[in-house]
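One structure below.
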Amino acid sequence: LYEDWLTNMQISGYELPERSSRLGVDRSQRDLDVLRSMYTAGVSCMTAQEALEAGSDKAQARDAYARHLMKAIWGQP
């Protein structure tokens, strides 16, 4: 779901954010943008969290990362 959602965002004009060093994608901002889009579209918190954990390379590498982003968007762990 995560990859499909991001792809659809890009088809609609979303541009991947760059890191401040200009060396690659700002993965945290990308993940926040995807979650915000899901939230706005009415995707359930549980579904969005599962999508993030399965689809985000950064979420897979860091244990508390997904919970932190979910709290930022949904206001809950």
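Side-chain atoms of R27 and S56, non-hydrogen and from C-beta on, never get closer than 4.5 Å to each other. Counting heavy atoms from C-beta on, the side chains of R19 and Q29 never come closer than 4.5 Å. Side chains of R67 and K71 form no contact here, defined as non-hydrogen atoms less than 4.5 Å apart. A heavy-atom distance below 4.5 Å is found between the side chains of D31 and L52.
Contact record, Q60 with A54: NE2-O, 2.5 Å, taken as the closest heavy-atom pair. Contact between W74 and V43 at its shortest, heavy atoms only, is CZ2-O, 3.4 Å.
Under the 4.0 Å criterion applied to side-chain N and carboxylate O atoms, R30 and D33 are not assigned as salt-bridge partners.
No side-chain donor-acceptor contact under 3.5 Å links E15 to the backbone of Q10.
Put simply, CD on E53 and CG on L69 are 10.5 Å apart, with the number rounded to the nearest 0.5 Å. Note: Y2 OH to T47 OG1 = 16.0 Å, rounded to the nearest 0.5 Å. Rounded to the nearest 0.5 angstrom, D4 CG and M9 CE are separated by 13.0 Å. For the atom pair D26 CG and S20 OG, the distance stands at 7.5 Å (nearest 0.5 Å).
Side chains of N8 and Y14: a donor-acceptor N/O pair is absent below 3.5 angstrom, by distance only.
Surrounding OH of Y65 are more than 12 heavy atoms belonging to other residues, nucleotides or ligands, all under 6.0 Å away. Heavy-atom neighbours of R36 CZ from other residues, nucleotides or ligands within 6.0 Å: above the threshold of 12.
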Could you walk me through whether M38 and L1 pass the side chain to side chain contact (heavy atoms under 4.5 Å, CB included) test, one step at a time?
CA-CA 10 Å; M38 288 181 172; L1 177 62; 4.1 Å; yes
